Undergrad: 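The structure that follows is given in the form of structure tokens.
In this text, all values refer to a predicted model and were calculated from it rather than measured experimentally.
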Amino acid sequence: MIVRTIIELWNFMNRQGFPCLFRGLTGLYCPGCGGTRAFMYLIQGQILKSLYYHPLIPYMAAVLVGEGALWLMARKKGREKELKRPYELEVYVGIGIALVNWAVKNLVLVAGGRHMIP
């Protein structure tokens, strides 16, 4: 009986994703809300839906692809040691995307009463 309950709970969590503690306590979206769905849509090739749920996920994928391409080109030329550079701009842009996404979704929720992520 207990094992069956645990299996049912596990299956429910895998279908729905793990609940967000911040959202459960406050009723507001956390800065990462929608990230799992955005990732799932991105790997399915649905980029617009991924952007809707959390624009940071496609941004991070684009940065990773770009950095990987630069590394491969530098390695082909034997210059991979020259790629040591600070990544502060990419990090600050990512933080900005997450904060703007968080603010907009909560503004729509509080001011408009509309849930952007069901």
Undergrad: How far apart are the C-alpha atoms of Leu109 and His115, what are their side-chain angles, what is the distance that settles it, and do they pass the side chain to side chain contact (heavy atoms under 4.5 Å, CB included) test?
TA: CA-CA 6 Å; Leu109 177 64; His115 284 277; 3.4 Å; yes

Undergrad: Taking all atoms of both residues into account, what is the closest heavy-atom pair of Ile57 and Gly35, and its distance?
TA: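 Heavy atoms only, the tightest pair is CG1-O, 3.8 Å.
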
Undergrad: Treating Ile, Leu, Val, Met, Phe, Trp and Tyr as nodes and any side-chain heavy-atom pair under 4.5 angstrom as an edge, say whether Leu51 and Met40 lie in one connected cluster.
TA: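 Yes; tracing contacts between hydrophobic side chains, which count when under 4.5 Å, links both residues.
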
Undergrad: Compare every heavy atom of Leu42 with every heavy atom of Pro58, then report the nearest pair and how far apart it is.
TA: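 Scanning both residues, the minimum pair turns out to be CA-CD2, 4.2 Å.
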
Undergrad: Would you check if the side chain of Tyr59 reaches a backbone N or O of Glu90 as a donor-acceptor pair within less than 3.5 Å?
TA: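 Yes; at least one donor-acceptor contact below 3.5 Å.
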
Undergrad: Which atoms form the tightest heavy-atom contact between Met116 and Tyr52, and what is the distance?
TA: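 Shortest heavy-atom separation between Met116 and Tyr52 comes out as O-OH, 2.9 Å.
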
Undergrad: Atom NZ in Lys76, atom CH2 in Trp71: separation rounded to 0.5 Å?
TA: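 Rounded to the nearest 0.5 Å, the NZ-CH2 separation comes to 13.5 Å.
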
Undergrad: Distance from Met73 atom CE to Leu70 atom CG, nearest 0.5 Å?
TA: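 Atom-to-atom, Met73:CE and Leu70:CG are 4.5 Å apart.
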
Undergrad: Which heavy atom of Leu56 sits nearest a heavy atom of Ile97, and at what distance?
TA: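 Nearest pair, atom of Leu56 first, then Ile97: N-CG2, 3.7 Å.
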
Undergrad: Would a single hydrophobic cluster contain both Leu89 and Val63, if residues Ile, Leu, Val, Met, Phe, Trp and Tyr are joined by side-chain heavy-atom contacts under 4.5 Å?
TA: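 Result: yes, single cluster for both.
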
Undergrad: When clusters are formed by joining ILVMFWY residues with side-chain heavy atoms under 4.5 Å apart, either directly or through shared neighbours, do Leu48 and Phe39 land in the same one?
TA: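 Linked within one cluster.
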
Undergrad: Are the side chain of Asn106 and the backbone N or O of Tyr29 linked by a donor-acceptor pair below 3.5 Å?
TA: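 Judged by distance alone, yes, a pair lies under 3.5 Å.
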
Undergrad: Are more than 12 heavy atoms, taken from residues, nucleotides or ligands other than Ile43, located less than 6.0 Å from that residue's CD1 atom?
TA: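 Yes, enclosed.
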
Undergrad: Using every non-hydrogen atom in the two residues, find where Ile117 and Arg23 come nearest and quote the distance to one decimal.
TA: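 Result for this residue pair: O-NH2, 3.0 Å.
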
Undergrad: How close do Asn101 and Pro31 get, counting heavy atoms only, and between which atoms?
TA: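 Heavy atoms of Asn101 and Pro31 come nearest at ND2-O, 4.4 Å.
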
Undergrad: Linking I/L/V/M/F/W/Y whenever their side-chain heavy atoms sit closer than 4.5 Å, directly or via other members, would Ile47 and Leu64 fall into one cluster?
TA: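 No; tracing contacts between hydrophobic side chains, which count when under 4.5 Å, never links both residues.
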
Undergrad: Quick check: do Glu67 and Tyr87 have side-chain heavy atoms less than 4.5 Å from each other?
TA: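 They are in side-chain contact.
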
Undergrad: Considering residues at least two apart in sequence or located in another chain, which fulfil the side-chain contact (heavy atoms from CB on, under 4.5 Å) criterion with Gln46?
TA: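 Residues passing side-chain contact (heavy atoms from CB on, under 4.5 Å) with Gln46: Tyr41, Gln44, Lys49.
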
Undergrad: Counting C-beta onward and ignoring hydrogens, is there a side-chain heavy-atom pair between Trp102 and Leu99 closer than 4.5 Å?
TA: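 When only atoms from C-beta onward are counted, Leu99 and Trp102 do touch, with a gap below 4.5 Å.
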
